[in-house]
J.: 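To start, I am sharing the structure in question, which I have written as structure tokens.
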2 protein chains.
Amino acid sequence: MERNLATTIFESLASGVRLDVFRLLVKKGAEGLVAGEIASTLELPPTNLSFHLKALTQAGLLTVTQEGRFQRYRANIPLMLELINYLTEECCAGHPEQCADLRAASFCADAVLPVESADSPTEIQQGDSA
Amino acid sequence: MERNLATTIFESLASGVRLDVFRLLVKKGAEGLVAGEIASTLELPPTNLSFHLKALTQAGLLTVTQEGRFQRYRANIPLMLELINYLTEECCAGHPEQCADLRAASFCADAVLPVESADSPTEIQQGDSA
DNA sequence: TTAATAATTCAACTATTGTTGTATAGTTAA
DNA sequence: TTAACTATACAACAATAGTTGAATTATTAA
């Protein structure tokens, strides 16, 4: 993982609103939520939520699939695992075995599989188009 | 973990400088480094490094012990574990067993034990004095 | 005590981020 | 096509974070 990506991910979680959004979507797992459901659950104005969803999605922490007029968001758990691996590289002064448990952790790996839908949703990659 | 602490931790890692500092100290493990060693390793002006060390320490990610005229910094790995647990609470829509591996991870747990020193260093708790 | 060293604090400036209201793009149904 | 709805993009302002140099505190050694 590149340093810039890591700082972007941390920055995208350095806001109470975005942290609430990400944790909510981690809880929902593979089901995810559409933007309106997130807004009503967290009681946020749509404009403000959109701002934060964009930040999280551009950091790669969320994926988006379009379902008709809805946008469904899901947490990108594998990216979180990569981030943790980045933090623990060459960990503990030459004793990497101390980190083995964490580095091998699976962390909800199935949470990124998209749910089947009648609208045959299309993946939207908003990675780093900025 | 409280939400404010979590966002403070993420914010403290949302800077390239602070991320470099934290990863460097994770690599050093229980040995840690004094401020001057960090400054020379990362080629940072002491004033700027001090600013970032303060942010990391106030977030709880670093611990400081005084050794004579030196300040030795170490990474606080258990806090990182708490943070990961906070992210995975009620994970994956009622299937918490999918996260079991990560939540049980030990992640360099011995990295916080202070190294013995002739100066009998004293713990300095800079947690939330602000 | 005096000088040298390690690290931090303070103040000023620059740069970036967060919030809100309004306007726009795309989707659905009559 | 028109109207209603979902969600995002844009622009303006308010608030916060980052960097630097000079001054300060604390420790060590002569």
Side-chain angles (χ1 to χ4, degrees), chain A residues 3-4 7-21 25 32-59 62-74 117-122 124-126 129-130, chain B residues 3-4 7-21 25 32-59 62-74 117-122 124-126 129-130:
Chain A
R3 191 180 80 148
N4 280 348
T7 56
T8 300
I9 294 171
F10 284 124
E11 188 181 321
S12 76
L13 292 172
S15 138
V17 171
R18 292 195 293 270
L19 184 56
D20 286 346
V21 170
L25 290 172
L33 286 175
V34 300
E37 291 170 329
I38 301 171
S40 59
T41 301
L42 301 180
E43 299 181 342
L44 290 170
T47 307
N48 194 13
L49 176 63
S50 191
F51 171 80
H52 291 296
L53 286 175
K54 184 179 175 183
L56 284 162
T57 306
Q58 286 187 342
L62 302 186
T63 60
V64 196
T65 55
Q66 186 150 12
E67 295 181 5
R69 73 178 97 172
F70 299 89
Q71 302 272 105
R72 183 167 297 271
Y73 287 88
R74 293 183 182 89
S117 143
D119 292 307
S120 65
T122 8
I124 298 177
Q125 280 300 355
Q126 262 179 261
S129 55
Chain B
R3 191 179 81 148
N4 280 348
T7 55
T8 300
I9 293 171
F10 284 125
E11 187 183 321
S12 77
L13 292 172
S15 140
V17 170
R18 291 195 293 269
L19 185 55
D20 286 345
V21 170
L25 290 173
L33 286 175
V34 301
E37 291 170 331
I38 301 171
S40 60
T41 302
L42 301 179
E43 297 181 343
L44 291 169
T47 305
N48 193 15
L49 175 64
S50 191
F51 171 81
H52 291 295
L53 287 175
K54 184 179 176 183
L56 284 162
T57 306
Q58 285 186 342
L62 302 186
T63 61
V64 196
T65 55
Q66 186 151 11
E67 296 182 3
R69 73 179 97 175
F70 301 89
Q71 303 273 107
R72 183 167 298 270
Y73 288 87
R74 294 183 181 90
S117 143
D119 293 309
S120 63
T122 9
I124 297 176
Q125 280 303 354
Q126 259 179 262
S129 55

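Every value quoted in this text rests on a predicted model; they were computed, and no experiment measured them. Letters go in sequence order (proteins before strands), and every chain restarts at 1.
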J.: In whole angstrom, what separates B:L56's CG from D:dA17's P?
T.: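 Value for this atom pair: 14 Å.
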J.: Whole Å only: how far is the CG atom of B:L19 from the P atom of D:dG18?
T.: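 After rounding, the gap between these two atoms is 13 Å.
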J.: Got a second to check how far A:E11's CD is from B:E11's CD, nearest 0.5 Å?
T.: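 So the gap between those two atoms works out to 9.0 Å.
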J.: What is the distance, to the nearest angstrom, from the CD atom on A:Q58 to the C1' atom on C:dT16?
T.: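 After rounding, the gap between these two atoms is 15 Å.
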J.: Please give, in whole Å, the distance from C:dT27 P to A:R72 CZ?
T.: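 For the pair A:R72 CZ and C:dT27 P, the rounded distance is 17 Å.
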J.: Taking all non-hydrogen atoms of both residues into account, name the closest pair between A:L42 and A:V21 and its distance.
T.: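 A:L42 and A:V21 have their closest heavy atoms at CD1-CG2, 3.6 Å.
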J.: Which distance, rounded to the nearest 0.5 Å, do you find between the CG of B:L56 and the CD1 of B:I9?
T.: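 The CG atom of B:L56 sits 10.5 Å away from the CD1 atom of B:I9.
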J.: Check residues 33-41 of chain A and write down every donor-acceptor pair under 3.5 Å in which the side-chain atom is one partner and the other belongs to a residue at least two apart or another chain.
T.:
{"unit_1": "A:E37", "atom_1": "OE1", "unit_2": "A:V34", "atom_2": "N", "d": "3.0"}
{"unit_1": "A:S40", "atom_1": "OG", "unit_2": "A:G36", "atom_2": "O", "d": "3.2"}
{"unit_1": "A:S40", "atom_1": "OG", "unit_2": "A:E37", "atom_2": "O", "d": "3.1"}
{"unit_1": "A:T41", "atom_1": "OG1", "unit_2": "A:E37", "atom_2": "O", "d": "2.7"}

J.: Working to the nearest 0.5 angstrom, can you tell me the gap between B:F10 CZ and A:S12 OG?
T.: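 Between B:F10 CZ and A:S12 OG, I get 8.5 Å after rounding to 0.5 Å.
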J.: Let me know, please, whether B:V34 or A:A14 comes out on the 5' side of the other along DNA chain C by nearest nucleotide.
T.: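 So the residue in question is B:V34.
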J.: B:N4 and B:T8: which non-hydrogen atoms are nearest, and at how many Å?
T.: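 Shortest heavy-atom separation between B:N4 and B:T8 comes out as O-OG1, 2.7 Å.
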J.: Rounded to whole Å, please give me the gap between CD in B:E11 and C1' in D:dG18.
T.: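 It is 12 Å, rounded to the nearest whole Å.
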J.: So, is B:Y73 near the phosphate of C:dA6, with a side-chain N or O under 4.0 Å from OP1 or OP2?
T.: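 Answer is no, no contact under 4.0 Å.
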J.: What parts of residues 37-52 of chain B reach DNA chain C, counting only heavy atoms under 4.0 Å away?
T.: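 By residue number: B:P46, B:T47, B:S50.
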J.: Among residues at least two apart in sequence or on other chains, which ones pass side-chain hydrogen bond (donor to acceptor under 3.5 Å, both in side chains) with B:R3?
T.: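 Result, side-chain hydrogen bond (donor to acceptor under 3.5 Å, both in side chains) vs B:R3: A:D20.
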J.: Tabulate protein N/O versus nucleotide N/O from nucleotides 24-27 of chain D, keeping only pairs under 3.5 Å, one per line.
T.:
{"unit_1": "D:dT27", "atom_1": "O3'", "unit_2": "B:R69", "atom_2": "N", "d": "3.3"}

J.: Applying the side chain to side chain contact (heavy atoms under 4.5 Å, CB included) test to B:Y73, which of B:T65, B:T63, B:L62 qualifies?
T.: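 Only one of B:T65, B:T63, B:L62 forms a side chain to side chain contact (heavy atoms under 4.5 Å, CB included) with B:Y73, namely B:L62.
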J.: Side chain of A:Q71 only, please: which of D:dT8, D:dA17, C:dT17 is the nearest?
T.: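 Side chain of A:Q71 sits closest to D:dT8.
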J.: Hey, what bend do you get for the helix from C:dT1-D:dA30 to C:dA30-D:dT1 if you fit axes on five pairs at each end, rounded to 10°?
T.: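 About 30°, once rounded to a multiple of 10°.
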J.: Rounded off to whole Å, could you give me the CZ-to-P distance for the B:F10 and D:dT16 pair?
T.: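 Rounded to the whole Å, the gap is 21 Å.
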J.: For residues 44-53 of chain A, tabulate all N or O donor-acceptor pairs below 3.5 Å that involve a side-chain atom, not counting sequence neighbours.
T.:
{"unit_1": "A:N48", "atom_1": "OD1", "unit_2": "A:H52", "atom_2": "NE2", "d": "3.2"}
{"unit_1": "A:H52", "atom_1": "ND1", "unit_2": "A:R18", "atom_2": "NH1", "d": "3.0"}

